[in-house]
Amino acid sequence: MSDPAALFLTRPDDWHVHVRDGEMLRRVVPATARQFARAIIMPNLVPPVATTELARQYRERILAAVPSGASFEPLMTLYLTENMSPDEVAEAKASGMVHGVKWYPAGATTHSQFGVENISRCDAVVAAMEEHDLPLLVHAETPEFDVDVFDREAVFIDRHLVPLVARFPRLRLVVEHLTTRHGVQFVRDASARVAGTITVHHLLLNRNALFAGGLRPHSFCLPVLKREEHRLALVEAATGGNPRYFLGTDSAPHRRRDKEAACGCAGVFTAHAAIELYAEVFESAGALERLDAFASFHGPDFYGLPRNTQRIRLEKHPWRVPDCLGNGDDAIVPFRAGELVKWRLVVEERSAPARVPSESTARFQCRQEPSS
Ligand code: DOR
Ligand code: ZN
């Protein structure tokens with residue numbers, strides 16, 4: 001596949017995304033729905049999506065924001081709290097629309113204050129997840145202040161995940177947004193019930209991006225970007241064909257004023273160009289033929305869901321990302337703002353023409369435009 005001008009892929013899914021709520025939700029859902037058939041929706045709202053009933057209501061709000069003519073299935077998750085009961089796990093699984101429970105260590109990231117201080121207090125819930133085969137999705141970073149921020153993933157894995165998988169060997173576990181060689185190795189060496197998602201910003205950037213000519217708040221996310229050696233380990237994992245690694249953007253929109261602040265929020269918005277950016281990574285690694293599996297097969301296989309059958313087409317047609325989406329302080333500054341993206345998602349194939357947005361509709365959703 002040397003320097004192709006076009007690329008056909010099975011329509012991908014995003015196995016980790018934040019779409020927020022309210023006005024922000026209405027602004028960002030179209031970008032995800034344009035590219036992805038399904039997405040695992042993170043539950044870190046305030047208050048958190050901690051029950052099946054709240055997930056059901058949130059799902060309805062997401063569906064209401066999907067542009068008409070588009071097909072998009074939100075795959076809901078619950079926010080793990082120390083108060084969750086094992087019955088909630090049974091109810092979540094029986095609902096058919098909840099596909100995981102998210103473990104945020106309390107204090108580790110955005111809206112994690114409702115999260116878990118001591119995972120052993122959740123033993124009965126984790127046992128129920130193992131029994132019902134409902135995956136545990138983990139933000140694998142220790143929040144401890146005395147642990148260096150660049151070591152927090154590795155320390156968390158050693159202190160918490162190694163013991164957890166030993167105690168619950170049948171638990172399905174997804175280590176979200178891997179950022180280190182250590183994380184990649186943990187997944188690779190664990191049982192087939194352990195997988196990891198990889199974001200496109202961690203594949204494209206190393207920690208130098210945070211300080212390129214000055215402080216760069218729009219490259220700040222958690223887990224924070226790491227050294228080049230870790231980025232290379234992620235690229236090797238993503239492009240290597242191992243089914244235990246799959247696409248999860250962790251696209252996390254924040255308003256410009258909340259990013260460009262004295263204490264700026266963590267999160268990078270990539271939903272406007274995610275699959276195109278992943279294509280850049282795979283192309284640079286000489287592995288474009290493996291993008292389909294990473295983006296479209298490994299995730300559903302792990303979650304026990306059918307693979308998508310629709311197709312999408314990417315063209316080698318550089319386009320410039322807008323400087324911002326929306327206006328003023330409320331704008332979202334997208335990844336690669338003002339710069340070129342090499343690949344362009346063009347049009348979806350004939351198999352389900354009524355269910356996908358036209359190119360013009362899709363592009364409109366991502367253009368700079370007055371916020372309503
Ligand atoms: O960068 C991040 N942003 N990492 C997270 O874990 C949460 C996310 C958000 O919700 O903003
Ligand atoms: Zn996230």
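Every number for a ligand or one of its atoms is a count from 1 in the order of the listing.
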Evaluate side chain to side chain contact (heavy atoms under 4.5 Å, CB included) for R188 paired with R244, printing each intermediate quantity in order.
CA-CA 7 Å; R188 190 195 60 208; R244 263 139 10 82; 5.5 Å; no
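- Near the Zn ion (ligand 2), less than 2.8 Å away, sit the protein N, O or S atoms H16 NE2, H18 NE2, D250 OD1.
- Using a heavy-atom distance under 4.0 Å as the criterion, the protein contacts of ligand 1 are H18, R20, N44, T109, T110, H139, C221, L222, D250, A252, H254, A266, G267.
- Annotation: H177 is not in aromatic contact with H202 [ring centroid separation under 6.0 Å not met].
- In this structure, R227 places its CZ atom where only 12 or fewer heavy-atom neighbours from other residues, nucleotides or ligands lie under 6.0 Å away.
- Just one of E276, H272, R11 meets the side-chain hydrogen bond (donor to acceptor under 3.5 Å, both in side chains) condition when paired with Q35; it is E276.
- Residue pairs that meet the ring-ring contact (aromatic ring centres under 6.0 Å, His included) test with at least one member in residues 212-244, sequence neighbours left out, do not exist here.
- Taking the side-chain contact (heavy atoms from CB on, under 4.5 Å) definition, one finds that D21 meets it with L25, L45, Y58, R61, sequence neighbours left out.
- In the displayed structure, E236 atom CD is contacted under 6.0 Å by at most 12 heavy atoms of other residues, nucleotides or ligands.
- A ring-centre distance under 6.0 Å is not found for F72 and F36.
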List the steps, then state whether ring-ring contact (aromatic ring centres under 6.0 Å, His included) holds for F114 with Y104.
CA-CA 8 Å; F114 314 98; Y104 287 105; over 10 Å; no
